[in-house]
Structures are given as C-alpha cells and as structure tokens.
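Here the structure comes first, spelled out in structure tokens, and everything after it is commentary.
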Amino acid sequence: MRKKLILIDGHSILNRAFYGVPDLTNAEGIHTNALYGFLNIMFRFIDEEKPDYITVAFDLSAPTFRHKEYAAYKGTRKPMAPELKQQVPLIKELLRAMQITIVEKEGYEADDLLGTIAKKTAAKGLDVSVISGDRDLLQLAEEHIKIRIPKTKKGVTEVEDYLPADVETLYGVTPLEFIDMKALMGDTSDNIPGAPGVGPKTASALITQYHNIETIFEHLDELKPPKAKKSISENVEQVKLSKFLATIDIDVPVDYDLENAAVGGYYTPEAYELFKRFNFKSFLKRFNQEDTGITLEADRYFTCVTEFSEVEELFAQAQNKVRTDKNAVIGFAAAVEKGILYGISLAVSPEKTAYIPVSGFVTQEYLTDKLSELVQQCPSRQIAVMALKEKLDLFRNCPGDSKDTRLKVSQDKFIDTAIAAYLLNPTNQEYTYDTIAKDFCGLTLNSRAELLGKTTLAEAADTQQETLCRLLCMESYIAMAAWKPLYKALEEENMRSLFFDIEMPLVFVLYEMQAEGIRVDSAALKEYGTMLGEKIAVLEQEIYADAGETFNINSPKQLGVILFEKMGMPNGKKTKSGYSTAADILEKLAPEYPVVQKILDYRQMTKLKSTYADGLAGYIQEDGRIHGTFNQTITATGRISSTEPNLQNIPIRMELGKKIRQVFIPRDGYVFLDADYSQIELRILAHMSGDEKLIEAYNSAQDIHRTTASQVFHVPFDEVTPEQRRNAKAVNFGIVYGISSFGLSQDLSISKKQAAEYIEKYFEAYPGIKVYIDELVAFAKEHGYSLTMFNRRRPIPEIKSSNFMQRSFGERVAMNAPIQGTAADIIKLAMIEVYNRLKERGLKSRLILQVHDELLVEAHQDEVEEVKQLMTDAMKNAAKLAVVLEVDLKEGKNWLEAH
DNA sequence: TCCTTCACG
DNA sequence: ACGTACGTGAAGGAA
C-alpha cells in the first residue's frame, strides 16, 4: 500500500468555509464559522482517506516572489473581511493543537508550496491528495496526485476529484496545458488578464490544437476564430505574463520534512480545550471515542442478493431475529420513486445487511407480501426505518381492497429513526442516513447526493446497481445501528412518550390524511382563475396608463424605480437592495396615489392566480382530489408543515381570496366538519404561566382581548373602545411571539415608547406572565434550549450570542417556542384521538387536513352528529389545562362555509 | 440559487 | 448602538 499525504490549501478552504457556513460566534463573541467549516471539510477527508501524513499550507501576507513585480494585479484584490481575518490565526492555533504541520514561506504563495511538496512527495512514491477550492491547482494533477475540490450545495459537501484523465475529460487539455489555457482565457478572480474576448471554449479548442501559447504565437496567422486571432495578436505580452502568473512554482526552496508531517494524535487535550472554547460540540464527540460498536466494517457485509433462495433466506433470518430476540431491531430501507419500487434493503445484524433489487422473480408484489408477513410476525417495535410515512404504501396489504385507504398493518411494529433524530435536534435541515450516522454513530458516510448526484432511481437501477445496493444498505444499516443511541438519548431527554405516544402514531394519521386527499371542484377553480385573469388584465392597463409606460409590475426593482424615482413618491427610504415595495410601505402611499392601490390589488390578484388558482390546479389528481404532503420533521417548534401543495396557507383573510375555499368540497354524500381551537396559544400561556388573572379571564368565558384592554387601559369591561380592544389583541399576540416594543410599535404603527408603555401596563395587569416569560428566557440561557409541556426541545444557541440582534432573537424564540410547540403537541394528540375514534367505531368519516389549530374532517352525512361530538370531545380533552380548551365547530358544503 | 413578497397559523 | 415581532411554503424576478 502506498502511503498517503493530504495537502490542504489553507486560505482557500478557510475562505470557502467562511462564505459557506452561516455566521457563528462563541461566548466571547469570536466569529467561528470559517473555523467550523474548515474543520468539517478537513475531518471529512481525514475520515475518508485516513492519511499517514497531513500538511496545511498558507500564504503570508507580504507580496510573493512570483508576483512581486506585478503586485498591482494582486493589489486589486478585495481586502479580507475582518470577521474572516480574525479566524486566520485561530485556525493555525487549532491545527498546531491537533499536531498538524503548517507550511508557509515569506515571499511564496500557498499554491507554490503545495505544488513543490506535492511533486516531491509523489516522486517519493506516496499518494497525494491536494484539497483546495481553487481550480488553479488542476495543473498539478498527475498519476499519484489527485486534486480534490469540495463544493457545498444545499448544505451537503460534495467533492470533485481530478486526476489527469478527469482534467482532460472536463477541459480537453492535460494538466500542464491547463496553464496555457488559463493564460488565454484569464481568470478575473485571480487577476490574470488573459486575452480579452477569449473564453473557456475558444481557449480549450486552441490549446487542444496547439498545446501551448508558444506554438500559438508561431501560428498567429492561421488562428481561428478571427476574434481570437485579433485579441491574441494584440496581447502577446499580456498572454505571456498571464502564463507566468498562472504557473505554479514547483521548485520552491522549502524546508519540508515529510516525517514531521506524519499524523500524530489529532485529539490532544489542547485541541479539546480549543474546541470547547469555540463551542464545537459536534466535534467534541471525537475526543471521547466512546465505542458505539458501530463501524464502517459493516460495509464489508453489504451484499446484493439476486438468487431467489437468498431472498427467502434473508426474510427467514429477519423473522427469526425479531421473534427470538425481542430487544433486537432490524433495519429497513426502500428505493421508491414515483410509486415504483426498485428494491429494498434489510439489516438483520451487524454482519448481515442486504439489498434485494426488484427484478425477475422478485417482483414488487412478492416483496410487499413478504414485508407484510414480516411485520405481522414481528412481536413489537422492532422495525427501524427512516421516513416511514414514505414507505407505508409498501405495507398496505390486500391490493384488491382498494376502496379502503386505511392501513391494515399494525402500527406499533415500527420505529422511525429520522423522527427520533428530529426530536433530538429539530433544527437540522434533513434527517437522512448520512446525517444520522454522523450525529449518532460517529460515522462519516457518503450521502445520497455524493453517490448518485442528480441520477434518478430509475436510471441508477439500470446502470448503477452496485451504488444503489450500497446506498440502501447504508440506510437500513444505519436505521438499525442508530436506534440504540437514539433511544438512549430520547430516554435521557425524557422524550420517550413524545416519541412513542405522539410522533410515531402521528405518522400513520398523516399517511392516511395524505392518502385520502381533499376533493377540489376543478371547473370552479378554473372559472375562478379566469375571473382573476380578466381583472388582472384591466388593472395592468390602468397601471401602465398611470405610470406612463409599461413595465413588469411584479418586479420590485422596476416597480421601485417607477414609484420612487419616476413618480417621485416620498419615503422610498427603506432599502437593502433597492427600494422596498412591501405591502406595508405601499399601504401608506395608497391614499394619496391611486396607482399604488391598483398595484396592491394587482399583487393580490396575481398571487391568487399564480399560487392558488393555477398552482392548485396542477395538483389535482385523477381521482379529482389533491394529495398533498404533510411533513413531520421540518419545523423547529414541532408543528407539521404542508407541501406540494401547501394546504395550510389557503386564503381566508381577504374577501376575494377566501372564495378559493369554495372549490374545496366533500365527496358526494359527505359534508365538511371544521373545528378550530379558540386562541389555543393564549390559553396555553395562561396555563403554563399559572397567572391567576388570565386563567380567571378564560374560565369566566370573557372576550379575552376586551378583558385585556379593560385591564391594561383601566377602563370598565363594557366601555372598552374598538381601538383599545385592537391594541390589546396586538399585545396578546406580541406576548406569544416574544414581545418587543419595537415589534409591537411596527404592528400598531405607534411609537416605540408608546408600545413599551402598553407592554409595561400589560405586565402590571398580568404579573404572572412577566415572571413566567422571564423564567423561560432564563431557562433557555442556562440550558441552551427550551421545552414544551410534553418535553419537546428547541435548541436556542443564539441566546448565548454576544451579538445583540442574535441574542434578542434567541430571547424571543425562548418565549415563543414553548407556547407554539405546546399547541403543536396538543393538536397532534387531538389528531391521533380523532383518528383512533373514527377507526374504532368503523366510521366512514375521515380526517383530511390540519392547519395548526384547525382540523378538517370529511364526514359522512349519516355520521355528522356523532363525528361532531367526537371531534369536539377529542380536541377539548387532548390535554388537561387550568383553562378550558374551547373548540369552534362548523359544518359546511365547502371549506369556506365550514370555517 | 438567492431574495423579495405574500398567503396562512 | 445595534434594527426585529414567532412559525411555515410557493412564485417570480434577478443574478
């Protein structure tokens, strides 16, 4: 085996990390995002390559030898952002603590040091990986020198690897010719001028033909195209200079002793202290080296079974496993896309994880039958899956019985590890096997994006069977392996019940809501769209007439110019990347300028048409219904979210918009029953704070906003003016959102001082609330997270920030998350209860939508009274609070009527 | 792809 | 002094 050296382009990676990772600061207020990102990238390569040697090269700030005479070029570079600059010495400190060699040399660029060391080391018979964000280094590629460029897309780091063949495939030139190509096309980011007008295409073609600029100069007469000929002929000196600038010096007199760069222990006590200081919790795990018993070795046991007998044997092993050991958990994963199954994977033990592709004898029907059998044979919670809801179609037995969308499979056999991971940290963006492996098993695995990129499963099943096997095996294996640490963590955080009694049962409720869908009158929807289209056309012409020209009204940029420059409207101040044309700004201008009102109307109508009328139409399926998706692992507070389409933001507030609700209709012989909680968040606040006055107000069933107004403004209940009530209502909302005088002043268009007075008076009226929200903030400050009534956590790292804005945000979140989150917990309990009661009684009515504090049931006409009773009861009693949970229920023949 | 705007709770 | 209300998702424009 050849030994391995990893060479890292320090500034390049630090720079990428700085711009790729959102701003982080530690308790001292030091920015740490570049450090964090750098380490993330470095660990990734260390984990993957397990190098024998490692070295990081940095530039020193002084002008470099190669560029000394041409400092003017380099001199035009933008100065480094101070937040980044302060992290440069820190990364060096960290690297030294981790016993990682740093090279830098006065007068030389990191490129030159990397080039020299790479070439010399490769010549000694080592494999070298050069890690950089910079394509300049491609010229260094050779048989044993691989250039590795990490790219962060959507938070996932992908790596582009370049050996000489890769450079040739991509650019059509050899690594050495790459220098000449660059000399022609230039590089603005590196201040290499090149020949103006010559781009990558032309440069590549010319170098392929002539191989270097010297030969090109000899053939200036015959160059094609003429544009390139002219440009190059006129800029011979500049191209020569460019080549000089682009060439990496591979013969720098650098004092580099390979043995010094041998990997020592990275995880020294000094490094531990620094990681703690910078608050890099996820990296700290590396120091404990707690043996999870989970290793990549399992990779060796990943197999792709094809023989029919092997498939039977695998299922037999799985059944045997769950029956003989009730504590054992098996992992399951499925490759499903657009309703088509390409294969499944089962992890039966650490030594046995297999993938079964759908092919030949092994049909989708056969596999789903075997799966249903496995589930039925399974005594208890032993099947671990990620994103279970997406796989439940596979567990729906009896294909002939299609009228009943209801699952027959028992619910308590499954564990969803993605949901468990979500509960433990709901702020992650995704809960895929690779992120779970990293967070809970200490394993770094290639993500799906890294293995497949944009390849669809259908394509992969055809051409990349092995990759697909590896992918699915990793998922089922991690589902199995991660359960132990996940379960332990859930226990430690007292989230067992939240997981087993709320989130897991909810998976099945949401699955059936999605399967059920909601009926839409497509003719009425179309008509609504046409009506909007006509109104939009009229408004559009009027706006153009008023403006004196045609322009794109939907472009904030163009609109800003028209309103604030051409028409000279005042207060166009609020800017960031131009003028703000948000509704609240325009509303202030509307009384004086009639165009503005038309623009507001235009906006409203185009929104309605594009998002709702046209948007929803595209989601109506053949059964005349929309089957949206409810997401259970998205929000930081525990709410569910709705996508494709979003059925939780259908218009209701405006007269024109709410009409869209008329197109949502129940199936024939059914009606809608819509029940919503009345001010559930304020009631939760009353309960959780224990404030006697607020509890009393609710228990005497008073109009809460009026009561608040009466208390805050010291007027008798019956003499509260509408304005006072409105203000009090805004204060109530503000309390739930995490009150700030600024926010309230914005909402009510009053001064900050006045808003502060309202808040003060509110706290005088309800002293228990003040105490409670102070406690919420103090708790979050101490622990770094907040909790709901049902122990749902929301991490709030911002609350310890030294940055005022971030810290204030953290404080508001600390006030809001327990309230919004508890409301989410309660309606989830209500949903499960409604679902169970409908099912137990064998009713035809179905729960079909949830909108945060509202449940919509499509109820059979013969069951209306029973279901009304059942819904109200389930919702009211979902949680026992010090105040009653009032529920408003209405019946209707469309969603507008029912709400 | 990021930003702005706006629909909902 | 800082410059915001909490939580979402979709569409269209700009780059």
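None of the values given here were measured: they were computed from a predicted structure. Numbered from 1 within each chain, the chains take letters A, B, ... in sequence-line order.
Seen from the ring of A/F742, A/K752 does not count as a face-on cation partner, given the 6.0 Å and 45° thresholds.
One interatomic measurement links the two molecules: NZ of A/K658 to P of B/dC6, which rounds to 20 Å at whole-angstrom precision. Rounded to an integer number of Å, the gap from CD1 of A/I827 to C1' of B/dC8 is 14 Å. Atom C1' of nucleotide B/dA7 and atom CD of A/E655 are separated by 16 Å, given to the nearest angstrom. A/K609 places its NZ atom 17 Å from the P atom of B/dA7, with the value rounded to the nearest Å. Look at CD on A/Q806: it is 17 Å from P on C/dC2, rounded to the nearest Å. Rounding to whole angstrom units, CD1 of residue A/I660 and C1' of B/dA7 are separated by 11 Å. One atom, CZ of A/F742, and another, C1' of C/dT4, lie 6 Å apart when rounded to the nearest Å. Atom CG of A/L682 and atom C1' of B/dG9 are 13 Å apart (whole Å).
The residue A/A814 sits apart from the nucleic acid: no heavy atom pair falls under 4.0 Å. No contact: A/E854 has no heavy atom under 4.0 Å from any strand. Residue contacts shown for A/D853 are limited to sugar-phosphate atoms, with no base heavy atom under 4.0 Å away. Contact annotation for A/Q558: backbone-only contact, meaning every heavy-atom pair under 4.0 Å involves sugar-phosphate atoms and none involves a base. Across all strands, A/A823 comes closer than 4.0 Å to no nucleic acid atom at all (heavy-atom distances).
The main-chain N or O of A/G578 is never found under 3.5 Å from a side-chain atom of A/K557 such that the two would form a donor-acceptor pair. Checking side-chain atoms of A/R16 against main-chain N and O of A/G133 turns up a donor-acceptor pair under 3.5 Å.
With respect to A/R792 and A/E503, a salt bridge is recorded, a charged nitrogen being found less than 4.0 Å from a carboxylate O.
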- Item | B/S/- contact track for nucleotides 7-12 of chain C, protein heavy atom under 4.0 Å | BSBSSS
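Donor-acceptor pairing under 3.5 Å is recorded for the side chains of A/Q514 and A/K389. In this structure, a donor-acceptor pair under 3.5 Å is absent between the side chains of A/H852 and A/Q820. For the 3.5 Å distance criterion, the side chains of A/Y758 and A/N727 qualify, holding a donor opposite an acceptor.
The side chain of A/R812 places no N or O atom within less than 4.0 Å of a non-bridging phosphate oxygen (OP1 or OP2) of C/dA5.
Remark: A/Y612 pairs with no residue by the ring pair (Phe, Tyr, Trp, His ring centres under 6.0 Å) rule, at least two apart or across chains.
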- Begin from the C-alpha positions of A/T643 and A/N631 and carry the test side-chain hydrogen bond (donor to acceptor under 3.5 Å, both in side chains) through to its verdict. CA-CA 8 Å; A/T643 50; A/N631 310 289; 3.1 Å; yes
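Separation of the P atoms belonging to B/dT5 and C/dT4 is 13 Å when rounded to the nearest angstrom. Taking atom P in both B/dT4 and C/dA5, the straight-line distance is 13 Å, to the nearest Å.
Between A/H705 and A/F733, the ring planes lie parallel to each other; the angle is under 30°, not in the 30° to 60° tilted range.
Looking at A/R603, its side chain has no donor and acceptor atom pair within 3.5 Å of the base of B/dT5.
Looking at the side chain of A/K557, the nearest of the listed nucleotides C/dA14, B/dC8, C/dA5 is C/dA14.
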- Item | Base-pair map of DNA chain C as dot-bracket, where | denotes pairing with a different strand and pairs are Watson-Crick or G-U under 3.5 Å | .....|||||||||.
